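Single-structure report; data block below.
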Amino acid sequence: MPIHIIQDPLQDIPKTLQNIPIPTLTEKSDCAGKYVKGKVVFKGPLVSRGDHLNYILKIVIQEDAPQQSKASNYTSINVMLFGGLAKDFSHHAIQGDTVVPSGFTVSPSPTFKKDGQHPCSLHLDGDKACVYVLQASAPAEKKSGVNSTPKYTYVPLKELKLGSVVNVYAVVTFFKVPYPSKGTDYCSTLKLADQSGATVVCTVFSKNQDNQPKIFKTGDVIRLHRVKAYPFEGSIALVTSWGWSAVTFDGTVGTPVVPRTNSKSFHFGEEDRRAVTELREWAANVPPEGSSVPLSAVKPKQFFNLTCQLLAKATMDSTCTLLKVWDGSRCGYPLLTVPVEEGALEGGSPAVTEGQNLIANVLVYDNHVEVAQALKPGAFLCINNLHAVAQPGTSELSFHLHGGASYSRGICVLPLHSPEVSKLKSALQACAEQMEDDMNTCLGDMSSLTQLHATNGGPETSSSVRKCTHSLPQVSLAQVKSSPPPQFVHVRAQLSSYQPRRLYQCLKLFCSQCKAIEDVPDAESLRERFEAAAKDSMPCRVPWAVTVATDTDDAGRKIALHVSSTECPADRHSRLVFVQGATFQEMCRLSSEHEYMLPVRSSAGELALLDSTVPFLFRGKRHFYGCQQCSKGKVVKSPAVTTEVWNERNISEALGVQLMQHVAVMKLQLDDGTATLDTLLFEGSEDFFGVSADGMAYSQEAQDSVQQTMDMLLPADSSTLQRPWLDLCLCLYAAGENGETQVQIVNTHIRKHPIAE
DNA sequence: TTAGGCTTCG
């Protein structure tokens, strides 16, 4: 726990830490093992940077008395807290507390000129950062032996027990002004909330109007003594009981804590000041009333606000428009499917969401129709005062945005860079990834079945077959272009162009760990890169290999072959041979199907791999590359390949090299008459061509096959009439910083000999 | 005791 609540700084701060006076801090200060001490004179709001773990909190602390009067006058300094530390600090410390941060870094204060505070600021982030908090309290109260004031305990609203009479502190989120009841008393109804997350209704009875709690507006803080918790309609409610009292406070952060009450005598101390301050700060960071409810938490009959993404829309009639939306959470109730006329739906939804309670059908009525009509699929929305309506006889939910504008009912389009949208985007992304995982599992189980189905299928006019299990309607490319990611779509289209036209240029090296994609170096650059290595004639002997030297064509130059004594259990001929001082051509010449050849150079008496721009392993005509980013040290230790069978994977692991794999990457432009669409063939390229990327790298036959496929899809000088139609599965996803939609062809296999022939 | 927050054609 990076926040420590302490009683006595002298005792509770570790003696290993040393104080450094705030005025003496400079950018160059060595702050390891140091702490600063000061009073919190400002505490900003807890700011969330999108995801729930990512918080920032700014505070200003002031040192009591400058310890080095001559040093500088900067006794106040800005302190930035990050992550869990920021959140914990926000909960445990308030303005006025004395705090002792340690494990901070010092950097120039960006607001130095503006705020005139210390030219440096402190940053607390990571494992080493911690803050000791000495909570401010009224010493007089604690130390005076006179126990004149009773000690009250306050129960969090979530922990109310039926039948108990309790004291509570809460924020008023709703109130009805007092009115005469049908009995003898005045009555008012309040709704209360506190940090525990619960909201509770409270009824207040009083003999006269003046004794009612002095609530001026929602957000006020109330302290209630002696209220009784009792059951009402399945939840807990509060009602005033004998001898009850109420004190209220303004809820605005930073304003003086002034109690409002009619009571002649009431207890009010430092504890109360802290309770009010904490509630105010909590309330300031909680979204105001009418905050969004995720689909997963919606209950029948509820009116709520939904933050969501629009997937598709359809006009039902002149007074009603259907919006299909999702927020990445699954509704706890089955969702009603609203039938839509063919072609009426603009946009689409991922097929795998069917039956997953992910997509809500929102019926928008009357005055809201105009706004709804203008919305673009993909937009992020906040639909306010949406009504969850249960279908009679079933528990299926549909959602109605009724006519009228009360309770701020309506649709807002959220700006792309708002925190709500970042939050929503991460939820949607997580949901889409989950769906994809589910789908891949499903795909594995189903692939044999679909292949059978495909070959036994009826009349075929398509030159490709989809290998996915989606049951998606076919959409036009124009529709795809207006569809929001992430989702899968099915289209029928022709190829209109592709790049690169030279197929060998589409081969790349891919690191599955860091996702880097590199070009495959050509023979000429490899020859150059080996030149320096070939000049390495430093004799080198390693205990784990037998070294032999062989002559070269160059007079006097020798190649050293360090043959590892480790044998492959499954094949005694397999050996690891570390080759020192060879050119690229020599490496290729030496390389055979039996041995694994690894080019090395000498490095301080040991052998080291060459840099990652050249293959680290040669076998036969195959060359293997390591990832520059992800491979570990270059020095070769005794290579402990422990597996029964050897292959490039085991060997690279034993050497700490992250093996890169071949991938084929192409850009294909599709056309179906409604639009052209640029797509990427990457993850689905092996499926597409029915050829492995390694095959494309080394086998003439495979290369010819790929060329034939492309020639078949786009015959030279062909008209659109001559080009075959393709049934394709496309995956739409957001890519890059701006979240632009990228489209990949996936789950699609090209028939080289169309059945129609 | 009293009241028990509120909206809605679909």
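All of these numbers come straight from a predicted model, not from anything done at the bench.
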So what does [X] hit on the nucleic acid, given a heavy-atom distance under 4.0 Å: a base, only sugar-phosphate, or nothing?
{"X": "A/T189", "result": "sugar-phosphate"}
{"X": "A/G404", "result": "nothing"}
{"X": "A/K207", "result": "base"}
{"X": "A/C320", "result": "nothing"}
{"X": "A/K191", "result": "base"}

Ignoring the backbone of [X], work out which of [options] is nearest its side chain.
{"X": "A/F174", "options": "B/dG10, B/dT1, B/dG5", "answer": "B/dG5"}
{"X": "A/S181", "options": "B/dA3, B/dT1, B/dT7", "answer": "B/dA3"}
{"X": "A/T203", "options": "B/dA3, B/dT8, B/dG10", "answer": "B/dA3"}
{"X": "A/V201", "options": "B/dT1, B/dA3, B/dG4", "answer": "B/dG4"}

- Does the B/dT8 base have a donor-acceptor partner in the side chain of A/H387 within less than 3.5 Å? yes
- Query: Once the angle between the rings of A/F303 and A/H402 is folded into 0 to 90°, is it parallel (under 30°), tilted (30 to 60°) or perpendicular (over 60°)?
  - Reply: tilted
Quick one: [X] [atom1] to [N] [atom2], roughly how many Å, whole number?
{"X": "A/R409", "N": "B/dC9", "atom1": "CZ", "atom2": "P", "result": "8 Å"}
{"X": "A/Q391", "N": "B/dG10", "atom1": "CD", "atom2": "C1'", "result": "11 Å"}
{"X": "A/N367", "N": "B/dC9", "atom1": "CG", "atom2": "P", "result": "11 Å"}
{"X": "A/H368", "N": "B/dG10", "atom1": "NE2", "atom2": "C1'", "result": "13 Å"}
{"X": "A/L336", "N": "B/dG10", "atom1": "CG", "atom2": "C1'", "result": "12 Å"}
{"X": "A/W244", "N": "B/dA3", "atom1": "CH2", "atom2": "C1'", "result": "15 Å"}
{"X": "A/Q212", "N": "B/dA3", "atom1": "CD", "atom2": "P", "result": "13 Å"}
{"X": "A/K217", "N": "B/dG5", "atom1": "NZ", "atom2": "P", "result": "25 Å"}

- Message: Pick the closest DNA chain B nucleotide for A/K176 and for A/Y365 by heavy atoms, then say which residue is nearer the 5' end.
- Response: A/K176
- Query: Does any residue of residues 229-240 of chain A have a heavy atom under 4.0 Å from DNA chain B, and if so, which ones, in number order?
  - Reply: A/Y230, A/F232
- Validate the cation-pi geometry between A/R260 and A/F216: distance from NZ or CZ to the six-membered ring centre under 6.0 Å, angle to the ring axis within 45°. yes
Got a salt bridge between [X] and [Y], using NZ or NE/NH1/NH2 to carboxylate O under 4.0 Å?
{"X": "A/E281", "Y": "A/K43", "answer": "yes"}
{"X": "A/D272", "Y": "A/R223", "answer": "yes"}
{"X": "A/K214", "Y": "A/D250", "answer": "no"}
{"X": "A/E270", "Y": "A/R274", "answer": "no"}

- Task: To the nearest 0.5 angstrom, please state how far the CG atom of A/L728 sits from the CZ atom of A/R466.
- Result: 7.5 Å
- Kindly confirm whether the side-chain ring of A/F205 is stacked on the base of B/dT2, judged by centres under 5.5 Å and planes under 30°. yes
- Centroid separation A/H225 to A/Y169 less than 6.0 Å: no
